[in-house]
*Asks:* 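Right, I'll just put the structure down here and ask away after.
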Amino acid sequence: MASVSKLRRILITSTLSVAIASGALYGASLKMRQDSKKEKIGALLVVREGLVRKKEMLEGQIREVEEREKKRADSAGGSGGGRRGG
(Lines give C-alpha, C1' and ligand atoms only; values in the text may rest on other atoms or scores of the structure.)
Protein backbone atom coordinates (compact mmCIF):
# COMPACT_ATOMS: atom_id res chain seq x y z
CA MET A 1 0.00 0.00 0.00
CA ALA A 2 2.99 2.31 0.17
CA SER A 3 3.01 2.65 -3.59
CA VAL A 4 -0.65 3.84 -3.64
CA SER A 5 0.14 6.41 -0.96
CA LYS A 6 3.21 7.56 -2.87
CA LEU A 7 1.22 7.72 -6.13
CA ARG A 8 -1.53 9.71 -4.38
CA ARG A 9 1.02 12.15 -2.95
CA ILE A 10 2.63 12.62 -6.39
CA LEU A 11 -0.76 13.12 -8.00
CA ILE A 12 -1.83 15.75 -5.43
CA THR A 13 1.53 17.52 -5.67
CA SER A 14 1.44 17.64 -9.46
CA THR A 15 -2.21 18.78 -9.46
CA LEU A 16 -1.40 21.61 -7.06
CA SER A 17 1.65 22.56 -9.12
CA VAL A 18 -0.45 22.75 -12.28
CA ALA A 19 -3.11 24.80 -10.48
CA ILE A 20 -0.52 27.23 -9.12
CA ALA A 21 1.22 27.55 -12.48
CA SER A 22 -2.02 28.11 -14.37
CA GLY A 23 -3.09 30.69 -11.78
CA ALA A 24 0.19 32.51 -12.16
CA LEU A 25 -0.12 32.48 -15.96
CA TYR A 26 -3.72 33.69 -15.79
CA GLY A 27 -2.74 36.49 -13.41
CA ALA A 28 0.13 37.51 -15.67
CA SER A 29 -2.17 37.60 -18.70
CA LEU A 30 -4.65 39.79 -16.78
CA LYS A 31 -1.83 42.13 -15.83
CA MET A 32 -0.64 42.30 -19.44
CA ARG A 33 -4.16 43.08 -20.65
CA GLN A 34 -4.54 45.79 -18.02
CA ASP A 35 -1.19 47.32 -18.95
CA SER A 36 -2.11 47.08 -22.62
CA LYS A 37 -5.36 48.95 -21.98
CA LYS A 38 -3.51 51.67 -20.09
CA GLU A 39 -1.04 52.04 -22.96
CA LYS A 40 -3.86 52.24 -25.49
CA ILE A 41 -5.65 54.85 -23.39
CA GLY A 42 -2.44 56.89 -23.16
CA ALA A 43 -1.89 56.69 -26.89
CA LEU A 44 -5.50 57.68 -27.57
CA LEU A 45 -5.18 60.67 -25.25
CA VAL A 46 -2.10 61.84 -27.15
CA VAL A 47 -3.95 61.50 -30.46
CA ARG A 48 -6.94 63.34 -28.95
CA GLU A 49 -4.73 66.25 -27.89
CA GLY A 50 -3.40 66.55 -31.43
CA LEU A 51 -6.90 66.47 -32.88
CA VAL A 52 -8.12 69.13 -30.45
CA ARG A 53 -5.22 71.38 -31.48
CA LYS A 54 -6.04 70.84 -35.17
CA LYS A 55 -9.71 71.56 -34.48
CA GLU A 56 -8.84 74.83 -32.73
CA MET A 57 -6.53 75.82 -35.58
CA LEU A 58 -9.21 75.07 -38.19
CA GLU A 59 -11.86 76.94 -36.22
CA GLY A 60 -9.52 79.96 -36.11
CA GLN A 61 -8.98 79.75 -39.85
CA ILE A 62 -12.73 79.51 -40.44
CA ARG A 63 -13.28 82.61 -38.30
CA GLU A 64 -10.64 84.50 -40.29
CA VAL A 65 -12.24 83.51 -43.59
CA GLU A 66 -15.70 84.49 -42.31
CA GLU A 67 -14.35 87.87 -41.16
CA ARG A 68 -12.72 88.48 -44.55
CA GLU A 69 -15.93 87.51 -46.34
CA LYS A 70 -17.93 89.84 -44.09
CA LYS A 71 -15.51 92.73 -44.74
CA ARG A 72 -15.61 91.99 -48.46
CA ALA A 73 -19.42 91.91 -48.43
CA ASP A 74 -19.57 95.13 -46.41
CA SER A 75 -17.21 96.93 -48.78
CA ALA A 76 -18.93 95.50 -51.88
CA GLY A 77 -22.37 96.44 -50.57
CA GLY A 78 -21.67 100.13 -51.10
CA SER A 79 -20.37 99.73 -54.67
CA GLY A 80 -23.39 98.18 -56.33
CA GLY A 81 -22.93 94.48 -55.71
CA GLY A 82 -19.19 94.08 -56.01
CA ARG A 83 -17.22 92.27 -58.63
CA ARG A 84 -18.70 89.40 -60.62
CA GLY A 85 -16.71 86.64 -62.23
CA GLY A 86 -17.20 85.61 -65.77
Side-chain angles (χ1 to χ4, degrees):
M1 282 286 186
S3 64
V4 173
S5 173
K6 185 177 181 182
L7 181 62
R8 184 174 179 211
R9 186 175 62 225
I10 291 171
L11 182 63
I12 290 173
T13 302
S14 60
T15 304
L16 285 175
S17 298
V18 168
I20 291 170
S22 62
L25 289 174
Y26 181 70
S29 70
L30 287 177
K31 176 73 172 155
M32 285 177 26
R33 273 193 243 150
Q34 185 180 17
D35 290 345
S36 176
K37 286 181 183 179
K38 288 179 182 177
E39 289 174 8
K40 286 180 183 177
I41 290 171
L44 289 173
L45 287 173
V46 169
V47 170
R48 182 178 185 263
E49 289 174 13
L51 291 173
V52 167
R53 279 193 296 263
K54 285 182 183 178
K55 176 188 169 204
E56 291 170 352
M57 180 187 68
L58 290 172
E59 286 174 342
Q61 290 175 349
I62 290 170
R63 275 192 302 275
E64 290 174 4
V65 168
E66 288 173 344
E67 289 172 4
R68 278 186 270 157
E69 288 294 319
K70 184 179 177 186
K71 287 179 184 178
R72 191 175 297 153
D74 288 346
S75 66
S79 66
R83 201 170 128 198
R84 292 187 181 213

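Along the sequence shown, residues are numbered consecutively beginning with 1. Any value given below was found using the heavy atoms of this structure, including those in side chains, with hydrogens, waters and symmetry copies removed. For clarity, every value in this text was computed on a predicted model and none was experimentally measured.
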*Asks:* Return the CG to CG distance between L30 and L25, rounded to the nearest 0.5 Å.
*Replies:* 11.0 Å

*Asks:* From M32 CE over to K37 NZ, what is the distance, rounded to the nearest 0.5 angstrom?
*Replies:* 13.0 Å

*Asks:* How about CE on M57, more than 12 heavy atoms from neighbouring residues, nucleotides or ligands closer than 6.0 Å, or not?
*Replies:* yes

*Asks:* Using the side-chain hydrogen bond (donor to acceptor under 3.5 Å, both in side chains) rule, collect all pairs that involve residues 54-70, keeping only residues at least two apart or in two chains.
*Replies:* E69-R72

*Asks:* Taking side-chain contact (heavy atoms from CB on, under 4.5 Å) as the definition, give me every residue that meets it alongside T15, ordered by chain and number, with sequence neighbours left out.
*Replies:* L11

*Asks:* Any donor-acceptor pair under 3.5 Å linking the side chain of T13 with the backbone of R9?
*Replies:* yes

